[in-house]
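Just so we're clear, the structure is a prediction, and the values are computed from it rather than from any experiment. Just so we're on the same page: letters track the sequence lines, and every chain starts at 1.
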Amino acid sequence: MTIIWSYFGARLGSVRSKSRGSPQPGTIGYHRCRNRLAQMQEGDTRAGLRGNAPGLLQTSLMRLAPLKTEAARPMLTDRYYYLNNFRLVLSWLEDRYGDLLEEEQRRFIADFNALALPAQALLVRMATRKSDLFRASKLNYEEIGSSEAAAAPLIELGWIDDQSPITLDELFTLLRKDELLRLLDAPRAAATLHKPALLESLRPACRELPLLQTWYAQCGEKIYRLRAAALCERLRLMYFGNFHQTWSEFVLADLGVFRYERIDCSGNSRAFHSREQIDVFQQLYRCRERLHDDADPEQILREMPQAVQDSDWLEQRRAKLMFRIARRCEQRQKAGVAAGIYASCAHPGSALRAALIHERAQEPAKARAACIAGLQMPREAPDRDRFERVLSRLDRKTHGRPVARARNPIPDFAIIAPRPVPAASVEQAALEFLSASAADSSRLYYVENTLIVSLFGLLCWEAIFAPIPGAFFHPYQHGPADLHSLGFVERRGAQFASALDSLSSERYKEIILHNHLEKAGIQSPFVAWRALDQELLNTALECFPASHLRHWCEWILLDAHGNRAGFPDLVQFWPGERRYRLIEVKGPGDRLQENQRRLLEYCTSREMPVSVCHVRWKDQVTPARADP
DNA sequence: ACATTATTCG
DNA sequence: TTCACACTATCCT
DNA sequence: GATAGTGTGTCTCGAATAATGTGA
Ligand SMILES: [Mn+2]
Ligand SMILES: [Mn+2]
């Protein structure tokens with residue numbers, strides 16, 4: 001068992017060191033995100049229940065005052081708030097998904113509505129919690145009363161199973177450690193084991209059934225398994241269009257923790273347009289988990305859904321996963337399989353991967369073909385330089401002549417800064433050094449992608465949140481649903497044009513400042529509220545010429561997804577001179593990344609002040625490598 | 001006993 | 001619970 | 001120049017309680 005445990009530990013540690021915290025080795029379903037309440041508020045605006053999301057200025061101010069004095073006890077008056085929200089979701093689903101609801105779901109909704117209040121409430125409470133297994137004694141809710149009484153009709157319906165067999169792993173999640181030790185009559189030494197270790201030490205020896213029977217006999221407690229959990233998950237997916245938003249979304253929005261732009265989504269839009277699409281989503285989700293769990297990539301490939309014809313965003317999601325599967329194949333020395341995937345994969349980057357595989361496999365003709373194909377595809381534009389590098393390597397091999405590429409040189413300079421004491425970031429060190437050494441009145445900020453992209457987001461707020469049909473279907477989206485789909489910009493051509501048009505006068509400043517106040521805190525895919533304060537904003541508007549802002553906006557609009565990154569680390573302002581420069585900091589041994597170089601070249605070719613700052617440490621005792 | 005971490009709830 | 005980005009170290013030519 | 005591996009912020013909550021680990 002120690003062998004099993006150490007194997008498991010090593011595997012978790014080396015292969016996926018990141019996900020360490022989440023699962024105990026034995027627990028299943030850690031990814032399943034089974035928690036959270038059942039709530040919803042979409043209908044609220046229609047029902048006139050509250051005025052939270054709408055007019056931000058007046059209502060949010062009016063709400064903030066009592067919130068501050070009442071402190072942490074905000075205004076959820078109804079103790080069945082979670083049930084109300086769940087009911088609203090159900091009716092929203094009946095309304096929007098009437099044609100797609102399966103018989104089982106239809107029946108669920110009808111049966112649910114016919115239940116007594118305590119039963120309804122208990123079901124929602126259970127659906128909210130993390131596990132789908134419960135000890136009856138742990139289900140205590142004042143507003144529900146006896147959970148056994150409330151559960152009876154749910155057992156009747158088969159939504160709760162009180163006779164369910166459970167596995168050893170489940171028993172371990174159900175019982176506390178001290179309870180387990182008592183149950184097992186374990187030796188003193190076992191008490192010092194960690195719970196997962198205890199589990200593994202038991203696994204080989206212990207037949208599960210007798211153990212459980214013993215336990216049932218001893219304490220006679222009821223165990224409930226929520227059989228309706230999967231169905232509730234599917235309803236949640238249909239409503240949100242994703243798995244990462246949970247039932248708690250509703251309360252948190254009501255409490256003002258999450259804030260979303262209010263958009264009229266009263267149309268008929270929804271995330272999915274057929275049952276098949278929902279199935280595909282769930283299938284993709286399972287495959288992604290399998291990939292995460294290190295399953296055989298070729299096996300996952302066989303489990304993948306076919307290409308989705310009638311949904312761009314789903315197909316993109318599928319392509320992205322295909323790409324990741326292919327990457328995994330490459331890592332497993334299955335370059336041939338990977339190349340096959342890339343050949344028909346529309347995810348950006350596929351063409352380059354194919355070219356590199358062929359180059360490495362000494363197939364210059366195929367490599368060349370992949371490069372040339374990639375160079376013609378708009379979605380592969382970010383890789384253009386890398387295609388050209390591959391091509392020039394191929395040329396060198398065949399013709400023996402290196403091809404030099406003329407490039408717009410990016411200005412750079414070097415500093416020798418003191419190494420920061422407690423290992424602060426190189427960007428921070430450079431910022432401090434430059435601030436201290438600047439004799440003038442310049443001000444520096446470490447902004448990376450946040451500042452300019454936020455300015456874009458504020459300026460183009462109307463366009464981004466334009467009520468295009470299908471873009472918004474529930475009030476908890478942090479952006480339009482088609483944000484990453486082809487044609488996102490084109491569908492809002494007039495709105496973006498009008499936003500950029502404001503740059504020809506001083507009007508853009510009004511728009512940005514207005515939205516900064518008016519929309520403050522509202523989720524947007526472009527605006528990083530934390531990074532923006534009034535002073536930074538004012539300085540930026542003073543020092544960035546409108547024409548430069550326009551260039552940046554146009555750059556982002558070229559590829560709203562990909563061109564959001566790559567902006568330099570630092571910005572330096574000279575407010576008196578209405579002047580600025582952008583500085584990308586590079587520590588010793590670091591180089592410009594591809595997207596950074598693309599953006600910097602874009603800027604220099606338009607005569608915008610950008611430069612690269614190479615940092616070396618003052619107290620460098622042993623230079624790891626010789627200086628250039 | 002205490003400190004740390006996970007879960008719940010609004 | 002993600003996922004993408006940025007940075008680092010290493011190998012290769 | 002390419003690649004693998006690592007770290008980090010984030011899809012922003014905070015207070016209260018339960019469970020677990022650790023030391024005496
Ligand atoms: Mn950076
Ligand atoms: Mn940098």
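- Using a 30° and 60° split on the angle between ring planes, A:Y476 and A:Y260 fall in the perpendicular class, above 60°.
- No N or O donor and acceptor, one from the side chain of A:R386 and one from the base of D:dG1, sit under 3.5 Å apart.
- Among the atoms of the strands shown, only primed sugar atoms or phosphate atoms (P, OP1, OP2) are found under 4.0 Å from some heavy atom of A:Y141.
- Between A:Y476 atom OH and D:dC13 atom C1' the separation is 16 Å, expressed in whole Å.
- Nearest heavy-atom pair, A:F465 versus A:P525, reported as atom, atom and distance to 0.1 Å: CZ-CD, 4.2 Å.
- In terms of the ring pair (Phe, Tyr, Trp, His ring centres under 6.0 Å) criterion, residue partners of A:F456 (sequence neighbours excluded) are, by chain and number, A:F526.
- The side chain of A:D590 sits closest to C:dC7 out of B:dT8, C:dC5, C:dC7.
- Residue-level contact check: A:G587 touches neither bases nor backbone, having no heavy atom under 4.0 Å from any strand.
- With no hydrogens or angles considered, a side-chain donor-acceptor pair links A:Y342 and A:E330 at under 3.5 Å.
- Within 4.0 Å (heavy atoms only), A:E427 reaches sugar-phosphate atoms of the nucleic acid but no base atom.
- Summarising the geometry, atom OG belonging to A:S350 is positioned 9.5 Å from atom CD1 belonging to A:I341; distances are rounded to the nearest 0.5 Å.
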Pairs under 3.5 angstrom, nitrogen or oxygen only, protein versus nucleotides 22-24 of chain D, please.
from, atom 1, to, atom 2, distance (Å)
D:dT22, OP2, A:H194, NE2, 3.1

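- Across all strands shown, A:Q596 has heavy atoms under 4.0 Å from sugar-phosphate atoms exclusively, and none from any base.
- Among the protein residues, A:R564 comes within range of no part of the nucleic acid, since none of its heavy atoms lies under 4.0 Å from any strand.
- In this structure, A:F134 has no ring pair (Phe, Tyr, Trp, His ring centres under 6.0 Å) partners at least two apart in sequence or on a different chain.
- Note on A:D569: only backbone sugar-phosphate atoms sit closer than 4.0 angstrom, heavy atoms only; bases stay farther off.
- Of the two residues contacting DNA chain D, namely A:L193 and A:R393, the nearest-nucleotide position lying further toward the 5' end is that of A:R393.
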